[in-house]
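Throughout, a chain's letter reflects where its sequence line sits, starting with A, and its residues are numbered from 1.
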There are 2 protein chains.
Amino acid sequence: MINTDLDPLDREILKLLQQDVLLTNKEISYTLRKSIATVHERIRRLREQGYIKRSVAILDRKKINRSLVAFSQVLLNDHALSTLATFEEEVIKFPEVMECFQMTGTFDFILRIATSDMDAYHQFYRHKLATLPNITSIQSFFVLSETKSDTAYPL
Amino acid sequence: MINTDLDPLDREILKLLQQDVLLTNKEISYTLRKSIATVHERIRRLREQGYIKRSVAILDRKKINRSLVAFSQVLLNDHALSTLATFEEEVIKFPEVMECFQMTGTFDFILRIATSDMDAYHQFYRHKLATLPNITSIQSFFVLSETKSDTAYPL
DNA sequence: GTTGAAAGACCTAGTGA
DNA sequence: TCACTAGGTCTTTCAAC
C-alpha cells in the first residue's frame, strides 16, 4: 500500500479523535470548518488505511482495583529463538501483564504489570512469572505516582 | 462517593467497551441479552461515576512516524520536593514523552519516549532531556518488538 | 476532493408495567 | 429492569460540482 501522507486536515482530525473518539462528525466539522461529508470521508479513509487502529474506553484503574503498577525487567538464560518464543507465548497469557516489550540492553523484556496491591503482585510474581522456564533474573520497580500517561501522539 | 461495586452486567459492558467504545447500545444489548434501556442506563452510570475516564482513538504509531520507543530511567541529584516538581513540570512538556512515572527503587523516574528513529531520539536526549536541571543519570533501553500492548484491564 | 440534501439508523428521555 | 413510544440527532450515501 502506498503511504499516502497525512495532510493538515487529516492531522487535525486525528488530534481530536485521539482525545475523544466519541466526537460526532458534526462537532468535528464545526470545529475544523469543513462539511460533515468531508469529515466523514476522511475518517473512513483513516480507519481503512489503518491510521486508526482501535477505538477504546480507558478505565480508571484505581476504581477497578488495579492500584499497583509495576515494571518488571526480565533476563533469560539464553536467546535461542525457542526460548524467546516460549517466554512471550506464556507471559502474555497472564491477565496481570498489560504490556510486554522485547528490549535492547542489559535485560531481555520489560513488562508492565497491573495488580490490586503488593500482595497480589507477590502472588503473581511467585506463582506465575517466576515459574516460567529459562528465567535468569527478574527486577521489579513500582510506580509511586503517574506524572503523565498519554495515549495520544502529537501530530 | 460510595464505591458502588460493579455487578456482572457492568463488568461485561466494560469488557466490551474496552475493546471497542464505538459499539452501539443496540449491539451491546443484543450481545448481553439485555434491553437497550438497561444498557444505556448502565453506561451512563459508569461514565458518571468515573469508571470510564476517556474514550480515545488508538493510532498505529508506525504509520505516523513514531517507530522507535524507548524507556528511559532517570536518577536525580536529590529528592527535594522542588527538584522533583521541577523535573516533572518540565519533562511532561516534551511531546516525545508519552508517559512519566515516579518510581520506587534504584532510579527516580521512568519515561516512555516515542520518536521517529534513533537520530530523533538522540536529538531529544541531547537537546531536551539531558538539559533539565539536577539529573544525575539517564539510562535508555529501546523496544525491539511489541509482544503485547493492551489498554484493556481484565474484569 | 468536496458539498448539500435526504433516508434511515440510532440516541435519549419518558411512560407504564 | 423492561417494552414501547416519539422527537431529535447523527450516520451514510449519492448525485453534482
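- Ring pair B:Phe124/B:Phe94 is perpendicular by interplanar angle, where above 60° counts as perpendicular and below 30° as parallel.
- The closest side-chain heavy-atom distance from A:Arg42 to A:Leu9 is below 4.5 Å.
- Side chains of A:Gln18 and A:Leu155 form a contact here, defined as non-hydrogen atoms less than 4.5 Å apart.
- When the side-chain hydrogen bond (donor to acceptor under 3.5 Å, both in side chains) test is applied to B:Arg44, the partners found at least two apart in sequence or on another chain are B:Glu41, B:Glu48.
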Quiz prompt | Candidate pair B:Phe101 and B:Phe109, rule ring pair (Phe, Tyr, Trp, His ring centres under 6.0 Å), full reasoning | solution = CA-CA 5 Å; B:Phe101 299 103; B:Phe109 290 93; 10.0 Å; no

Practice problem: Give the B/S/- string for nucleotides 1-17 of chain C, one per nucleotide from 5' to 3', where a protein heavy atom under 4.0 Å of the base yields B, of only the sugar-phosphate yields S, and otherwise -. | Solution: SSBB-----SSSS----

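- For the side chain to side chain donor-acceptor pair (under 3.5 Å) test with B:Asp108, the passing option among B:Gln102, B:His79, B:Gln73 is B:His79; the others fail.
- Using a cutoff of 4.0 Å between basic side-chain nitrogens and carboxylate oxygens, A:Glu12 and A:Lys34 are not scored as salt-bridged.
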Output side-chain donor-acceptor pairs under 3.5 Å for residues 131-139 of chain A, partner residues at least two apart or in another chain, one line each.
residue, atom, partner, partner atom, Å
A:Thr131, OG1, A:Lys128, O, 2.7
A:Thr136, OG1, A:Leu76, O, 3.3
A:Thr136, OG1, A:Asn77, N, 3.2
A:Thr136, OG1, A:Asn77, OD1, 2.5

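- Residues B:Ile58 and A:Ile52 fail the side-chain proximity criterion, which asks for heavy atoms closer than 4.5 Å.
- The side-chain hydrogen bond (donor to acceptor under 3.5 Å, both in side chains) check on B:Tyr121 picks up B:Ser72, B:Ser140, with sequence neighbours excluded.
- For DNA chain D, the outermost nucleotides in 5' to 3' order that have an atom under 4.0 Å from a heavy atom of chain B are D:dT1 to D:dA3.
- Within a heavy-atom distance below 4.0 Å of DNA chain C, no residue of residues 11-19 of chain A is found.
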